[in-house]
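Chain naming here is simple, since letters A, B, ... match the order of the sequence lines and numbering starts at 1 in each. All values reported here derive from a predicted model rather than from experimental measurement.
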Protein chains: 2
Amino acid sequence: MAQSNVAEIASIVSESSRAAMLTVLMDGRFHTASELAFMAGIKPQTASFHLSKMQEAGLIVQEKQGRHRYYGIQNEEIAKVMESFLFIAPPVKIKSLKQSSQDKAMRYARTCYDHLAGSLGVQLADALLKTGVLREDHENFRVTEKGELFFKELGIPLETVSKKRRSFSYRCLDWSERRHHLAGALGQAVLERLIELGWIQRVPQNRAVKVTEEGKDGLKKTFGIDHSKEGT
Amino acid sequence: MAQSNVAEIASIVSESSRAAMLTVLMDGRFHTASELAFMAGIKPQTASFHLSKMQEAGLIVQEKQGRHRYYGIQNEEIAKVMESFLFIAPPVKIKSLKQSSQDKAMRYARTCYDHLAGSLGVQLADALLKTGVLREDHENFRVTEKGELFFKELGIPLETVSKKRRSFSYRCLDWSERRHHLAGALGQAVLERLIELGWIQRVPQNRAVKVTEEGKDGLKKTFGIDHSKEGT
DNA sequence: GGAATTCTTCGATGTTCATCGAAGTATGGA
DNA sequence: TCCATACTTCGATGAACATCGAAGAATTCC
């Protein structure tokens, strides 16, 4: 009767190999087909089959580069929905000490698609609100006059950022904190800049990011974020 | 490898009969097993099988009443994720004139779990913000002092509403409007009150709601909402 | 107590779909 | 030109699972 297309999207995500690949892609970076196959523990043929299926469904995009094919999440909205899944997905059973510390690290700070999430991401958004750099404006954050100066001093040229044809600065819900953090082009720019400054570093294996010693200092001075403990 | 539980939840929703039943349940009301079976176009046995599966997964809850078993969406979070699915699900292909006007009506005003959504829901939240009844406060709306008086006059006793053990007044994202509307216990209370006042009426077949003649008048006077056209 | 209703459990059936081996296409390098 | 790499398409296999008939449990009505 009331055949909904919700089922179609869900059926894509429901397969464990595909879900695994999507989870990998949630780091916001592009990955090759064979890399994704390896991460999901399947043969390249099978991965190819799944990837084309997900591409057809509009969940991911492909970019050819020589004999490699790079795959990435289609856009922010897809990433957002994937993230929202974690809201109701039962918490992962922690089996090992290693997993436990990984989980802790992820909850503290991770990338969500192309911006910063986790406790650190939420603290950052909070700090920017509190100091009047950003203001809440319906679904989005808005940069105040004071904010324009702030980002300039931080080394983020807003003119360039706002030229990209995507939503500039919207609020993204954080599954571990259940609070919003900063997303959109501005969120991406901030993440990039923090990495560039050497304040945080991506962890190669997963979406977690690590705060460096300079980072602790810089985050304290620039944003007033004091963090006594963090994940491994 | 990195077996995610996201896949488990998705696999529940991915089956078309289950998706159909969940869609029906998204009106926020409880329905009997046989009613859901009929709506999904399957035999009672099959529906029973699906319902127990969804219950086990924590998506829905059961309530026994005599020889009937009533099923409903587990909680707001589940409803929220279901709603967020519609964000990325491709728009339904409109085949008939009837479908087209149904779609129009749904977009104009519908229930989202237990509160008001659609264009009307968003307009309402906007109006309450503009007049200073509510204020945005992170993920939630907050009732101002002025607001307390407002709701009292509207016939909604806030003391009673806030006693319920659930989030009082949070912001829910609207798939058709891509804007937030009012959810939580307060959102439910407002919907109930508007129905009680006879300003809006539920449509039996689906989640759409209809604004009555008194409703047009009342919404205009109380909230300043002027609506020139609505769906059928 | 007996009949009707509402829903569930069990078992058999058939279809859908993920998987991988084998073979085919494109790209890059020697 | 030939080979290696990266990825795809095709076809066969096997397993998971939705479906429904039949029969069983629980409840209400007479």
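Minimum atom distance to the side chain of B:Arg67 is reached by D:dT28, of the listed D:dT8, D:dT28, C:dA18. Proximity note for A:Gln45 (side chain, C-beta onward) versus C:dT19, D:dG21, C:dA22: the nearest is C:dA22. The side chain of B:Pro44 has C:dT8 as its nearest neighbour among C:dC20, C:dT8, D:dC7. Checked against C:dC7, D:dT19, D:dC20, the side chain of B:Arg69 finds its nearest nucleotide in C:dC7. Of all nucleotides listed (C:dA18, D:dA6, D:dA18), C:dA18 comes nearest to the side chain of A:Arg18. Nearest to the side-chain atoms of B:Gln62 among the listed nucleotides C:dT19, C:dA26, C:dT8 stands C:dT8. Taking only side-chain atoms of B:Lys43, from C-beta outward, the nucleotide of D:dG21, C:dT6, D:dC7 with the closest atom is D:dG21. Side-chain proximity of A:Thr32 to C:dG21, D:dC7, C:dT8: nearest is D:dC7. For B:Lys64, counting side-chain heavy atoms from C-beta on, the closest listed nucleotide (D:dA18, C:dA18, D:dA26) is D:dA26. For B:His68, the side-chain atoms get nearest to C:dC7 when compared with the rest of C:dC7, D:dT19, C:dA18.
Side-chain N/O atoms of B:Lys53 include one lying less than 4.0 angstrom from OP1 or OP2 on D:dA18. At the phosphate of C:dT19, OP1 or OP2 sits under 4.0 Å from a side-chain N or O atom of A:Ser17. Close to D:dA6, at under 4.0 Å from its OP1 or OP2, lies no side-chain N or O of A:Ser34. For C:dT19, the OP1/OP2 oxygens have a side-chain nitrogen or oxygen of A:His50 closer than 4.0 Å. Put simply, A:Thr46 has a side-chain N or O that comes within less than 4.0 Å of OP1 or OP2 on C:dC20.
If you measure from atom CZ of B:Phe49 to atom C1' of C:dG11, you get 13 Å, rounded to the nearest angstrom. Rounded to whole Å, the distance from CD on A:Glu15 to P on C:dT16 is 17 Å. Between the CE atom of B:Met21 and the C1' atom of C:dC7 there is a distance of 13 Å, given to the nearest Å. The separation between B:Ile12 atom CD1 and D:dA18 atom P is 9 Å, rounded to whole Å. At whole-Å resolution of the value, CG in B:Leu51 and P in C:dT6 are 16 Å apart. A:Phe38 places its CZ atom 14 Å from the P atom of D:dA6, with the value rounded to the nearest Å. Residue A:Ile42 contributes atom CD1, which lies 17 Å from atom P of D:dA6 at whole-angstrom precision.
A:Tyr70 comes within 4.0 angstrom of nothing in the nucleic acid, heavy atoms only.
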Go through the steps for A:Lys53 and A:Glu56 under the test salt bridge (charged side-chain N to carboxylate O under 4.0 Å, His left out), then give the verdict.
-> CA-CA 5 Å; A:Lys53 202 160 192 172; A:Glu56 201 182 351; over 6 Å; no
Pair A:Glu213-A:Lys216, salt bridge (charged side-chain N to carboxylate O under 4.0 Å, His left out): steps then yes or no | CA-CA 5 Å; A:Glu213 282 305 318; A:Lys216 285 180 194 173; 3.3 Å; yes
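Here A:Arg193 pairs with A:Glu196 in a salt bridge; the nearest charged N to carboxylate O distance falls below 4.0 Å.
Of the candidates B:Gln188, B:Glu76, B:Glu192, B:His181, B:His115 forms a side chain to side chain donor-acceptor pair (under 3.5 Å) with just one, namely B:His181.
Side-chain contact between A:Ile42 and A:His50: present, with at least one pair of heavy atoms (C-beta onward) separated by less than 4.5 Å. Considering only heavy atoms from C-beta on, B:Val209 comes within 4.5 Å of B:Thr111 through its side chain.
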